[in-house]
Every structure is written in C-alpha cells, then in structure tokens.
There are 2 protein chains.
Amino acid sequence: MYIYIRTLGMSTSQLYRGSLTTIILKLLEENGEMYGYEITQRVKELTQGDLEIKEGALYPSLHKMEAAGYLTVTAKKVDNRVRKYYDITPAGKEETVNRLAELDEFLANMQRIINPKLSFE
Amino acid sequence: MYIYIRTLGMSTSQLYRGSLTTIILKLLEENGEMYGYEITQRVKELTQGDLEIKEGALYPSLHKMEAAGYLTVTAKKVDNRVRKYYDITPAGKEETVNRLAELDEFLANMQRIINPKLSFE
DNA sequence: TAAATATACATAAGATTCTTAAGTAAACAA
DNA sequence: TTGTTTACTTAAGAATCTTATGTATATTTA
C-alpha cells in the first residue's frame with residue numbers, strides 16, 4: 001500500500017479561476033504548437049511547481065477553444081503513443097491580445113484596491 | 001418602458017473570480033467597518049467604474065465570512081433604514097495576510113507565464 | 001520481471017464562485 | 001408620482017474548476 005503526500009506550496013488558491021484560457025493562449029502564441037501534457041509540464045516548470053494544471057480542467061478547455069476556432073489540433077504518433085498537438089489560429093491570436101489586455105486591467109484594478117496609495121492619475 | 005444600456009468598460013472578465021474575499025478583507029482592514037453597499041461603491045470608485053461588485057455575489061460572501069469568524073456585523077439605523085456594518089476580526093486579519101500572500105504568488109506566477117523573459121532570480 | 005510511476009488523453013460528478021433575477025423597503029429626484 | 005438610488009436577501013442557473021475514474025503505452029525501480 002502506498003500513500004501519496006500532497007506537496008506543500010501547491011496552489012489551492014481560487015485566484016487562478018478564469019486564467020487558464022489566457023495561460024494556454026499565451027503559451028501557444030509564444031512556443032508554437034504544444035500538446036496537452038506538455039502544457040501542464042511547462043506551467044509547472046515556469047512556476048517552480050507552484051501551479052499544476054489539472055487534466056480535468058485542461059482537456060475540456062482545449063476542446064472548447066478548438067470549437068471556438070482559437071486552436072487547431074493535429075494528432076501525431078510518437079513512441080507508439082498518440083499526442084494531440086494544438087496550434088493557435090489567427091482568431092486565437094486576436095483572442096490572446098484581448099485576454100492579455102483583460103489581464104492587465106485586472107492587475108491594475110487589483111493594485112488600485114490592494115495598494116490604493118500607489119494609484120495615481 | 002425603459003431600456004437600460006449596459007455601460008462599456010464593465011468587466012465581463014472571468015479573472016475576478018476568486019478575488020472577492022481578498023478585496024473585501026483588504027478594504028475592511030484598510031478602512032475599518034463598512035456596510036455592503038458602501039463596499040460596492042468604494043470598489044467602483046477605486047477602479048473608475050471598471051469593477052462592479054454584484055449584490056448577488058457580495059452579500060452571500062459577507063455572510064460566509066461572518067460565519068467563518070473573519071467578520072462581525074452590527075446593524076445600525078440611518079435615515080430610518082437599516083445598514084449592516086461589517087468589521088474585521090483578528091482571525092480576519094490573519095486571513096487577510098494569507099490572502100494577500102496568495103495574491104502576490106498568483107501575480108508572480110502569471111508574470112512568469114505571460115512574461116517569462118522578465119523572470120530572473 | 002513484476003510493480004510502480006510517468007506519459008497522454010477523455011469525461012462524468014460534484015464543488016465553488018459568480019451572474020441574473022426577483023423580492024422587500026425606504027429615501028430622494030424629476 | 002414615477003423613477004432612481006440606497007440597502008439588503010436569496011434562489012436559479014452559468015462558468016470554471018477539482019476529484020475521480022477510465023483507457024493505454026512507456027519507462028523506471030525494487
């Protein structure tokens with residue numbers, strides 16, 4: 001019998017809700033085509049293990065973005081196993097710009113609330 | 001018959017999900033006791049009308065935080081109308097510190113993902 | 001080499017947090 | 001006096017996520 005201890009530092013925060021689409025779009029825009037599992041590992045690496053994208057969130061999100069026309073998917077067989085590579089479309093690039101603008105606004109608004117003294121103009 | 005046109009610039013972004021508790025705690029810690037409607041107006045003011053806290057989100061959230069022991073509530077009659085003033089407890093102040101730390105981590109992680117070139121150390 | 005872990009995807013059930021909507025009630029402005 | 005603002009409540013539904021389960025192959029470890 002094996003017992004798995006949950007690692008400390010793992011994000012249980014609700015703040016990431018709503019940010020997954022933005023994260024995926026930005027990674028694909030930056031790196032070119034990626035497959036799902038690769039995205040989870042890249043995010044884990046970039047955040048030093050702090051943020052672990054769950055498959056239950058990731059895959060439905062990718063499917064939804066493909067249905068929306070933001071991504072295309074291509075299945076490739078590597079080592080006798082199927083990978084689904086996602087690539088960003090022109091509509092996806094537009095959406096990336098919008099999402100990043102929204103993120104900037106969100107960050108600015110949170111600053112205004114959390115640190116009102118630094119909010120000039 | 002009256003038709004209400006939805007103002008542009010209002011936040012339809014999902015990014016604010018999960019940030020409401022943090023916002024309320026910080027405002028109460030900063031300003032002392034406040035009532036619900038006052039909180040919505042303060043946030044609207046601080047974000048230049050960008051973020052409008054909905055009552056349907058605010059009041060259940062205040063009740064939950066009170067039940068958790070983070071806030072106390074005192075009803076006061078002003079102009080023949082009841083206001084419920086919420087004040088932060090010591091446990092609420094602890095939670096504020098935790099929530100602000102989580103926010104900092106979230107912001108740092110988003111920076112690492114969105115702008116990996118700026119992530120040194 | 002058998003068992004465990006890692007890779008790689010899918011999806012249903014349930015939790016959480018929010019929006020929308022409807023209701024109550026009083027004060028104030030047109 | 002009609003509409004708007006102030007002030008709070010709560011139910012129904014939407015969106016996003018976690019947990020759990022399933023499938024399947026490859027690689028590592030005991």
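Sequence lines set the chain letters: A, B, ... in the order given, protein chains first and strands last, and positions in each chain run from 1.
- Using a 4.0 Å cut-off, some side-chain N or O of B/Q14 falls inside it from OP1 or OP2 of D/dT16.
- Pairs engaging residues 37-65 of chain B under the ring pair (Phe, Tyr, Trp, His ring centres under 6.0 Å) rule: none recorded [sequence neighbours left out].
- Each of B/T22, B/I39, B/I88 was compared with B/L27 under the side chain to side chain contact (heavy atoms under 4.5 Å, CB included) criterion, and only B/I39 meets it.
- As rounded to whole Å, 10 Å separates atom P of C/dT17 from atom CG of B/L20.
- B/L62 has its CG atom 14 Å from the C1' atom of C/dT17, to the nearest Å.
- Identified under the salt bridge (charged side-chain N to carboxylate O under 4.0 Å, His left out) test for residues 56-71 of chain B, with sequence neighbours left out: none.
- A ring pair (Phe, Tyr, Trp, His ring centres under 6.0 Å) check over residues 66-113 of chain A, counting only residues at least two apart or in different chains, returns the pairs A/Y35-A/Y85, A/F106-B/Y16.
- At the heavy-atom level, A/T40 lies nowhere under 4.0 Å from the strands shown.
- Across all strands shown, A/K64 has heavy atoms under 4.0 Å from sugar-phosphate atoms exclusively, and none from any base.
- The nearest whole Å value for the distance from the CG atom in B/L15 to the P atom in C/dT17 is 17 Å.
- One atom, OH of B/Y16, and another, P of D/dT16, lie 16 Å apart when rounded to the nearest Å.
- Contact annotation: side chain of B/R17 to base of D/dT16, donor-acceptor pair absent below 3.5 Å.
- In terms of phosphate contacts, B/K54 brings a side-chain nitrogen or oxygen within less than 4.0 Å of OP1 or OP2 of C/dT19.
- If B/I53 and B/V78 are placed on DNA chain C by their nearest nucleotide, the residue sitting closer to the 5' end is B/I53.
- Under the rule for a side chain to side chain donor-acceptor pair (under 3.5 Å), the partners of A/E33 that lie at least two apart in sequence or sit in another chain are A/K76.
- Residues satisfying the side chain to side chain donor-acceptor pair (under 3.5 Å) criterion with B/D87, sequence neighbours excluded, are absent altogether.
- Remark: side-chain polar atoms of B/T47 are not paired, donor with acceptor, to backbone N or O of A/N109 under 3.5 angstrom.
- The side chain to side chain donor-acceptor pair (under 3.5 Å) check on B/E30 picks up B/K26, with sequence neighbours excluded.
- Rounded to whole angstrom, the span from the CD atom of A/E52 across to the P atom of D/dT19 amounts to 11 Å.
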Subject >> Protein-to-nucleotide contact annotation, 5' to 3' order, nucleotides 8-13 of chain D [B base; S sugar-phosphate only; - none; under 4.0 Å, heavy atom] >> reply: BBB---
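- Remark: C1' of C/dC18 and CG of B/L51 are 12 Å apart, rounded to the nearest angstrom.
- Residues satisfying the side chain to side chain donor-acceptor pair (under 3.5 Å) criterion with A/K44, sequence neighbours excluded, are absent altogether.
- Distance CD (B/E45) to C1' (D/dT6): 16 Å, rounded to an integer number of Å.
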Pairwise N/O distances under 3.5 Å, protein to nucleotides 28-30 of chain C:
none

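- Atom P of nucleotide D/dA15 and atom CE of A/M65 are separated by 16 Å, given to the nearest angstrom.
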